[in-house]
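Remarks on the structure that follows.
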Amino acid sequence: MTPTGASALPDVSALPPVLALVVARGGVLPLGADEAVAEAGGAVLVTGSGTERAAAALPAYRAWTCETGEGFRPGALAHALAPLLTDTSLVLLPASPDGRDLAPRLAAELNRPLLAECVRLSYLTPPDGPGVRAELSRLDGRVVVPVTGPGPVVATLLPGVRSVEPTPELATPVTIPLVLPRTGTDTELIEILEPLPDTMDLAEAPRVVGAGAGLVPPGMPDHEARDLLDLLGTVGGELGASMGATRVVTDTGRLGHERQIGTTGVAVDPELYLAFGVSGASQHTGGLGSPRHVVSVNTDPSCPMTTMADLGLVTDARELLLELARRLGGDTPADTAQESADD
């Protein structure tokens, strides 16, 4: 069945055999979009809203845009995109929320296998191919499963699994007009609610406050440590930031491992990382991605975290956190204890 508007589509024979597919919202790219483009060799098709602005921010040598407007309808989008991608052997999406919604629908429309949560992916050419070779993350990253197949396939790439090199010359996007058909496969979009910092997926957080052993050392009494972590979460909420921690903190059981930042934890790539008492061990910084701004609070001016920071505050992390909480109008553990004593 030809989707509505397909007859107006230009010749897309120039679409390469390996292509990244990215959904933008209001020109904002999802986490991991640049990595997916790099893994696909620099070719990308950007769809959604604000696609030209989004495409200009990607490290792409070749780029196409399909402006579909506000509101994300993955079923209709997959149905409309399928005719464009028939000759593309490998379609790679970032494993963002929109990417995870669109990828299985697109795989069904194209009648292809879906390789979900890849950490590495390559397209095989003769004499080894055609086909694909991938490594899939399973059991929250504790197991990596190697897969080789003939293709064609649709795949998703986990964010934070590779570096991205700057592109000397960015591509000028080619516009492909696309009209989404009316289908019964999508729910009606009523409202988009932004996630709360304290409950959102840490990997998706644009701002992160991190707790290290300098803030809550292993020998600190549990009730004191939990009070400080609760306070850090409150301060983070005031700053629109989610809370993460180093492995030293999560190993004590004071925070769940879903809040552990590092190569054996969650990979993040925030706009701002505010580190309280984080020394900056390689295991931790390996999961940080490339934060645009880093603030380090530590008594050691020579620790790796302070060395890599845009702003290093050489002071006690606990005292600065308490003062920051007071400045933001919140109650500190000391204030609460004083109120109890007065009562």
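Atoms considered below: every heavy atom in the structure, side chains included; atoms not considered: hydrogens, waters and symmetry mates.
Taking all atoms of both residues into account, the shortest heavy-atom contact from L92 to T156 is CD1-C, 4.0 Å. Between R254 and L229 the shortest heavy-atom distance is CB-CD1, 3.7 Å. When all heavy atoms are compared, the tightest approach of V119 to S137 is CG1-CB, 3.8 Å. Closest heavy-atom contact between V249 and A211: CG2-O, 3.5 Å. Across every non-hydrogen atom of S296 and T306, the tightest pair is OG-OG1, 2.9 Å. The minimum heavy-atom distance linking V22 with P30 is given by the pair CG1-CD, 3.7 Å.
Checking side-chain atoms of R207 against main-chain N and O of L239 turns up a donor-acceptor pair under 3.5 Å. Side-chain atoms of R292 do not come within 3.5 Å of backbone N or O of L272 as any donor-acceptor pair. With hydrogens and angles disregarded, no donor-acceptor distance shorter than 3.5 Å links the side chain of D98 to the backbone of V23. Counting only distance, with no hydrogens or angles, the side chain of R112 and the backbone of A108 share no donor-acceptor pair below 3.5 Å. No donor-acceptor distance shorter than 3.5 angstrom exists from the side chain of R318 to the backbone of L215, with no hydrogens or angles considered. Side-chain atoms of T88 do not come within 3.5 Å of backbone N or O of V91 as any donor-acceptor pair. Without hydrogens or angle criteria, S242 side chain to P197 main chain gives a donor-acceptor distance under 3.5 Å. The closest donor-acceptor contact from the side chain of H284 to the backbone of R247 lies at 3.5 Å or more, if one exists at all.
Annotation: side chain of L84 is not in contact with side chain of W64 (no heavy-atom distance under 4.5 Å). For the pair T68 and L178, the minimum side-chain heavy-atom distance is below 4.5 Å. Using a 4.5 Å heavy-atom threshold, the side chains of L202 and V208 count as touching. The shortest distance between side-chain heavy atoms of V154 and L110 falls below 4.5 Å. Side-chain contact between Y123 and P17 is present, with at least one heavy-atom pair separated by less than 4.5 Å. Within the 4.5 Å cutoff, the side chain of R73 has heavy atoms near those of the L180 side chain. In this structure the side chain of M305 reaches within 4.5 angstrom of the side chain of L288, judged on heavy atoms. Here the side chains of L93 and L157 are not in contact, with every heavy-atom distance at 4.5 Å or above.
Residues V297 and V235 fall within the same hydrophobic cluster, defined by Ile, Leu, Val, Met, Phe, Trp and Tyr side chains chained together at heavy-atom separations under 4.5 Å. Linking Ile, Leu, Val, Met, Phe, Trp and Tyr whenever their side-chain heavy atoms come within less than 4.5 Å puts V268 and V294 in one cluster. Using a 4.5 Å cut-off between side-chain heavy atoms of Ile, Leu, Val, Met, Phe, Trp and Tyr, with links allowed through other members, L255 and L196 fall into different hydrophobic clusters. Residue V209 is not grouped with residue V266 when hydrophobic side chains (ILVMFWY) are merged at heavy-atom distances under 4.5 angstrom, including chains of intermediate members. Under the 4.5 Å side-chain heavy-atom criterion for grouping Ile, Leu, Val, Met, Phe, Trp and Tyr, V278 is not connected to V248 through any hydrophobic cluster.
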Would you sort out whether L21 and L81 count as a side chain to side chain contact (heavy atoms under 4.5 Å, CB included), showing the intermediate values? CA-CA 10 Å; L21 176 59; L81 286 174; 3.9 Å; yes
Give the C-alpha distance, both sets of side-chain angles, the deciding distance and a yes or no for side chain to side chain contact (heavy atoms under 4.5 Å, CB included) between L90 and L19. CA-CA 6 Å; L90 172 57; L19 183 72; over 6 Å; no
Would L136 and E117 count as a side chain to side chain contact (heavy atoms under 4.5 Å, CB included) here? Give the steps. CA-CA 6 Å; L136 311 181; E117 298 188 346; 5.9 Å; no
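Results of the side-chain contact (heavy atoms from CB on, under 4.5 Å) test with F276 over L313, L321, L228, V216 single out L321 as the only residue that passes.
Side-chain contact annotation: T234 with E238, donor-acceptor N/O pair under 3.5 Å absent. Checking T51 against E67 by side-chain atom types alone, a donor-acceptor pair falls below 3.5 Å.
Within a 6.0 Å sphere centred on NE2 of H293, other residues, nucleotides and ligands contribute 12 heavy atoms or fewer. The number of heavy-atom neighbours closer than 6.0 Å to CD of Q283, taken from other residues, nucleotides and ligands shown, is above 12.
With rounding to the nearest 0.5 Å, the separation of CG in L274 from CG in L320 is 8.0 Å. To the nearest 0.5 Å, the span separating CG on D310 from OH on Y273 amounts to 13.5 Å. Taking OG of S89 as the reference point, atom CG of L124 lies at 11.0 Å (rounded to 0.5 Å). How far OG1 of T285 is from CE of M308: 6.0 Å, rounded to the nearest 0.5 Å. Residue E109 holds its CD atom at 10.0 Å from CG of L102, rounded to the nearest 0.5 Å. Here the straight-line distance linking atom CG of D222 with atom OG1 of T252 works out to 7.0 Å at 0.5 Å rounding.
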Under 3.5 Å donor-acceptor pairs involving side-chain atoms of residues 33-50, not counting sequence neighbours:
unit_1	atom_1	unit_2	atom_2	d
E35	OE1	G160	N	3.0
E35	OE1	V161	N	2.9
E35	OE1	R162	N	3.1
E35	OE2	G160	N	2.7
E39	OE1	R162	NH1	2.7
E39	OE2	L121	N	2.9
T47	OG1	C66	O	3.1
S49	OG	G26	N	2.6
S49	OG	E70	OE2	3.4

